[in-house]
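These numbers were taken from a predicted model, which means no experiment stands behind them.
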Amino acid sequence: MKSHVIILCLGFVFMTSVHSTPRKEWTKLILTQHWPKTFCIMEKCTANFSYWTLHGLWPNTGAECNASWHFNASLIEDLLPEMKTYWPDLLKPQSTTFWKHEWTKHGTCAAQEEAMDSQHKYFNKALELYHKLDLDGVLKKSNIVPSENYYKFTDVEGSINSAFGVHTKIQCVSHEKESEFQILGQIEICFDKQFQLVDCEKSTEELQSRDEGEIIFNNNNNPGYIVCDASLPVYYPPLGSTLQTPRFL
């Protein structure tokens with residue numbers, strides 16, 4: 001009998017210590033969009049989208065904050081047509097695996113805020129912010145469109161930052177070792193908890209791409225997206241680009 005009491009007491013102490021440990025709250029949301037053609041250059045898929053698509057809405061700290069809060073596609077049934085258009089799984093268009101991953105890893109952490117404290121609210125907020133930004137329109141206004149010609153990185157960065165009035169984080173893919181250009185791949189734009197635009201900090205920690213392991217369907221052993229090199233020209237590949245799959249040396 002005493003042994004059972006001891007076990008119960010130890011269990012209570014353990015559970016109390018676990019639940020009393022404060023979880024670090026996030027302070028910033030990172031709305032991430034990627035260029036489908038670049039993604040498919042890396043992943044050897046077919047890019048049928050001629051506009052930037054959503055990759056995710058990520059709190060700047062925390063991951064998988066509630067393992068018991070499982071993804072349920074039926075809760076976002078009304079959003080699915082829009083998500084398939086603007087937040088597609090580029091490898092498995094008919095699958096919900098990508099959205100499940102985004103909810104489990106990021107959505108359960110974003111849910112600390114009332115405005116995103118359900119699966120539906122989280123995905124709907126990401127779509128709302130995506131449309132609000134209109135990244136395609138911003139780039140086109142500066143005559144930065146998919147092209148076989150290269151752009152100066154400063155022109156790409158300048159057009160985006162000036163349009164939003166904040167510093168964003170622009171990520172590229174290296175074509176090959178010591179290449180003369182880089183491929184435009186992903187853009188992170190940041191918001192505070194009130195969904196107001198704020199600078200995306202480029203701290204030492206954040207300079208390492210947050211996406212390292214975010215592409216859950218990456219099988220090519222490539223390094224993925226990294227912060228663009230300001231000294232290299234940028235290639236913004238059109239859908240019909242014949243660029244060979246980059247060699248990651």
- Task: Check C228 against Q182 and note the closest heavy-atom contact, atom names and distance.
- Result: CA-OE1, 3.5 Å

- Item | L54 side chain near L127 side chain, heavy-atom distance below 4.5 Å | yes

- Message: To check you understand the geometry: which heavy-atom pair defines the closest contact between W52 and I187, and what is its length?
- Response: CH2-CD1, 3.7 Å

- Message: Strictly below 4.0 Å, N to O, side chains only: are E157 and K169 in salt-bridge contact?
- Response: no

- Message: Working to the nearest 0.5 angstrom, can you tell me the gap between E43 CD and L90 CG?
- Response: 9.5 Å

- Item | No-hydrogen, no-angle side-chain donor-acceptor test under 3.5 Å, T168 and N161 | yes

- Task: Would you mind checking if D117 and K121 are paired as a salt bridge, meaning a charged N to carboxylate O distance below 4.0 Å?
- Result: yes

- Do L184 and W35 touch side chain to side chain, with heavy atoms closer than 4.5 Å? no

- Is the side chain of S162 donor-acceptor paired with the backbone N or O of S159 at a distance under 3.5 Å, no angle test? yes

- Message: We want to know whether D192 and T27 form a side-chain donor-acceptor pair, criterion being a heavy-atom distance below 3.5 angstrom.
- Response: no

- Message: On the six-membered ring of F195, is K125 placed so that its NZ or CZ lies under 6.0 angstrom from the centre and within 45° of the ring axis?
- Response: yes

- Message: Within the structure provided, determine whether V166 and C190 are in side-chain contact (heavy-atom separation under 4.5 Å).
- Response: no

- Task: Measure the CH2-OH distance between W87 and Y130 for me, rounded to the nearest 0.5 Å.
- Result: 11.5 Å

- Ring-ring centroid check W58 W26, cutoff 6.0 Å: no

- Item | N/O donor-acceptor pair under 3.5 Å between S95 side chain and T97 backbone | yes

- Item | Sub-6.0 Å ring centroid separation between F71 and W99 | no

- Message: Donor-acceptor check, side chain of T108 to backbone of T104, threshold 3.5 angstrom: yes or no?
- Response: yes

- Any side-chain heavy atom of I30 sitting closer than 4.5 Å to one from L57? no

- Answer yes or no: is there a side-chain heavy-atom contact under 4.5 Å between Q33 and L133? yes

- Task: Heavy atoms only: give me the nearest F98-D89 pair and the separation to one decimal.
- Result: CB-OD2, 3.4 Å

- Distance only, no hydrogens: is a donor on one side chain within 3.5 Å (strictly under) of an acceptor on the other, for H70 and Q119? no

- Item | Gap between atom OG of S174 and atom OH of Y225 - 0.5 Å precision | 13.0 Å

- Task: Would you tell me whether Y235 and E148 have side-chain atoms, one donor and one acceptor, within less than 3.5 Å of each other?
- Result: yes

- Output for pair (K28 NZ, E188 CD), nearest 0.5 Å, gives 10.0 Å

- Might you point out which heavy atoms bring L129 and F191 nearest each other, and give the distance in Å? CD2-CE2, 3.8 Å

- Message: Distance check, rounded to the nearest 0.5 Å: K84 atom NZ versus L79 atom CG?
- Response: 12.0 Å

- Item | Under-4.0 Å salt bridge between E113 and K193 | yes

- Answer with yes or no after comparing the ring centroid distance for H55 and F39 against a 6.0 Å cut-off, counting only values under it. no

- Query: How about E180 and P233: do any of their side-chain heavy atoms sit closer than 4.5 Å?
  - Reply: no

- Query: Between T96 and A73, which heavy-atom pair has the shortest distance, and what is it?
  - Reply: CG2-CB, 4.3 Å

- Y236 side chain reached by V156 side chain, heavy atoms, under 4.5 Å: no

- Message: Determine whether a donor-acceptor pair (N or O, by modelled atom type, separation under 3.5 Å) exists between the side chain of W103 and the backbone of W69.
- Response: yes

- Message: Less than 4.5 Å apart, side chain to side chain, heavy atoms only: is that true for P93 and P88?
- Response: no

- Interatomic distance, L139 atom CG to L135 atom CG [nearest 0.5 angstrom]: 4.5 Å

- Task: Output, in order, the C-alpha distance, side-chain angles, deciding distance and verdict of side-chain hydrogen bond (donor to acceptor under 3.5 Å, both in side chains) for E82 and H131.
- Result: CA-CA 11 Å; E82 189 177 3; H131 290 301; 2.7 Å; yes

- Message: Using every non-hydrogen atom in the two residues, find where E102 and G56 come nearest and quote the distance to one decimal.
- Response: OE1-CA, 3.5 Å

